[in-house]
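Structure, as structure tokens:
Fair warning: this is a prediction, and the values are worked out from it, not measured in the lab.
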Amino acid sequence: MIKSMTGYGIGSAENANVKYTVEIKSLNSKFLELNLRLPKAVSDKELFLRGESSKLIERGKVNINISTEYVNQTAKAANINAELLKAYYQQLASIANELGDKNQQLFEMALNMPEVISHDDEVDEEEGKVLVDAFHQAVKKFNQFRSDEGAVLKQDLEHRVSLILSHLTEVEGVEGSRIPLIRERINQYMEEAVGKENADMNRFEQELVFYIEKLDITEEKVRLRSHCNYFIEALNSQDSNGKKLGFISQEMGREINTLGSKANNAQIQQIVVKMKDELEKIKEQLLNVL
């Protein structure tokens, strides 16, 4: 069954210390374009998350946003190296006294010196599992959204193909009178040009058969119906995908174009225009099929 490339999913997981929320959004794209935003504390999980996204999301312009909420707000507080801070402060105070600097802001200066403030960015194994759990929850909901959207797309595509087949039946209804009209018109032109008594009827029949063979649309009708049926079959298969359906729709387009160019009949050409209109709508929808 087909899936839409448009999707949305959000998942969250938590333990006693932390809560992770993962939000996934996607639009259509020929390839996987992944924009992953995650906290610095879990940057070591980036390669894993990209690999999982490649397998589970496949294609699309995808934005994944990961946010963190700690139950204990001081759990990830900055660490201050008190001994180093004192050392910097004492050195700055000594220099300031030597220079006679009365407008001293030494403590703030010392606080901004290298390695005075550090952050504990390491995430333990338990916290990593919470993140992965939230990610998989989001992906599950995301893919369900895609499947639901795909079901709607499938109904529309089936409807469009059925309309093309219906128009093909219309062509077959009109086609029966096409050849006799062509024969009559050519015969009339010949009589007006050379006169009935001067016409070589054997030669006329030979040329007429040759001309009518060029206008025969039997093969185009058979192939178009076959492509339409194959499209529906592929649409309902387990390995259905937008690229495969796109290739089939191109073949449908070739037969419709050839049918129109060989029709030599205003009514058939009008029906062909309707077919082309439905095919364009199919191609537009296929751009959003995974």
So which heavy atom on [X] is nearest to which on [Y], and how close?
{"X": "Ile248", "Y": "Ala234", "value": "CD1-CB, 3.9 Å"}
{"X": "Leu38", "Y": "Ser43", "value": "CD1-CA, 4.2 Å"}
{"X": "Lys25", "Y": "Phe142", "value": "C-CE1, 4.4 Å"}
{"X": "Val289", "Y": "Met5", "value": "O-CE, 3.6 Å"}
{"X": "Ala13", "Y": "Val130", "value": "O-CG1, 3.2 Å"}
{"X": "Gln137", "Y": "Gly11", "value": "CB-CA, 4.0 Å"}

Gap between atom [atom2] of [Y] and atom [atom1] of [X] - 0.5 Å precision:
{"X": "Glu255", "Y": "Ser226", "atom1": "CD", "atom2": "OG", "result": "9.0 Å"}
{"X": "Ser237", "Y": "Ile232", "atom1": "OG", "atom2": "CD1", "result": "11.5 Å"}
{"X": "His159", "Y": "Ile164", "atom1": "NE2", "atom2": "CD1", "result": "11.0 Å"}
{"X": "Asn241", "Y": "Leu290", "atom1": "CG", "atom2": "CG", "result": "8.0 Å"}
{"X": "Ile66", "Y": "Ser12", "atom1": "CD1", "atom2": "OG", "result": "13.0 Å"}
{"X": "Tyr89", "Y": "Met109", "atom1": "OH", "atom2": "CE", "result": "11.0 Å"}

*asked:* Do the side chains of Glu149 and Arg146 get close enough for a salt bridge, i.e. N-O under 4.0 angstrom?
replied: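 No, no charged N to carboxylate O under 4.0 Å.
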
Using atom types as modelled and distance alone, determine if a side-chain donor or acceptor of [X] lies under 3.5 Å from a backbone N or O of [Y].
{"X": "Ser147", "Y": "Asn143", "result": "yes"}
{"X": "Asn229", "Y": "Arg225", "result": "yes"}
{"X": "Ser94", "Y": "Gln91", "result": "no"}
{"X": "Ser54", "Y": "Arg50", "result": "no"}

*Side-chain H-bond candidate by donor/acceptor type, Asn236 with Lys154, under 3.5 Å*: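 Side chains of Asn236 and Lys154: pair found under 3.5 Å.
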
*Could you tell me whether the side chains of Asp148 and Gln144 share a donor-acceptor contact shorter than 3.5 Å?*
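A pair is found: one side chain offers a donor N or O, the other an acceptor, under 3.5 Å apart.
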
*Kindly determine whether Glu251 and Arg223 satisfy side chain to side chain contact (heavy atoms under 4.5 Å, CB included), including the steps that lead there.*
CA-CA 9 Å; Glu251 296 302 316; Arg223 284 197 293 263; over 6 Å; no

In residues 266-286, what donor-acceptor pairs under 3.5 Å come from side-chain atoms, sequence neighbours left out?
| unit_1 | atom_1 | unit_2 | atom_2 | d |
| --- | --- | --- | --- | --- |
| Lys276 | NZ | Asn257 | OD1 | 3.4 |
| Glu278 | OE1 | Arg160 | NH1 | 3.1 |
| Gln285 | NE2 | Asp156 | OD2 | 2.9 |

_Ser53 vs Phe135, test: side chain to side chain contact (heavy atoms under 4.5 Å, CB included). Steps then yes/no._
CA-CA 10 Å; Ser53 298; Phe135 173 76; 3.6 Å; yes

Would [X] end up clustered with [Y] when hydrophobic side chains under 4.5 Å apart are linked, directly or stepwise?
{"X": "Leu36", "Y": "Val139", "result": "yes"}
{"X": "Leu131", "Y": "Phe48", "result": "yes"}
{"X": "Leu56", "Y": "Leu34", "result": "yes"}
{"X": "Tyr230", "Y": "Leu168", "result": "yes"}
{"X": "Ile256", "Y": "Val174", "result": "yes"}

*Output, in order, the C-alpha distance, side-chain angles, deciding distance and verdict of side chain to side chain contact (heavy atoms under 4.5 Å, CB included) for Ile2 and Leu245.*
CA-CA 10 Å; Ile2 64 171; Leu245 294 170; 4.0 Å; yes

*Give a yes or no on this: more than 12 heavy atoms of other residues, nucleotides or ligands lie within 6.0 Å of atom CZ of Phe247.*
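Result for CZ/Phe247: open.
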
_Atom CD of Glu219: over 12 foreign heavy atoms under 6.0 Å_ =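 Incorrect, the count does not exceed 12.
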
*asked:* So if I apply the side chain to side chain donor-acceptor pair (under 3.5 Å) rule between Tyr20 and each of Glu127, Glu69, Glu14, which one comes out positive?
replied: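 Among Glu127, Glu69, Glu14, the one that satisfies the side chain to side chain donor-acceptor pair (under 3.5 Å) with Tyr20 is Glu127.
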
*Would you call Ile217 and Val171 a side-chain contact if the rule is heavy atoms closer than 4.5 Å?*
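Of all side-chain heavy-atom pairs linking Val171 with Ile217, at least one is under 4.5 Å.
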
_side chain to side chain contact (heavy atoms under 4.5 Å, CB included) between Met252 and Leu224, intermediate numbers included_ = CA-CA 6 Å; Met252 291 164 61; Leu224 177 56; 4.2 Å; yes

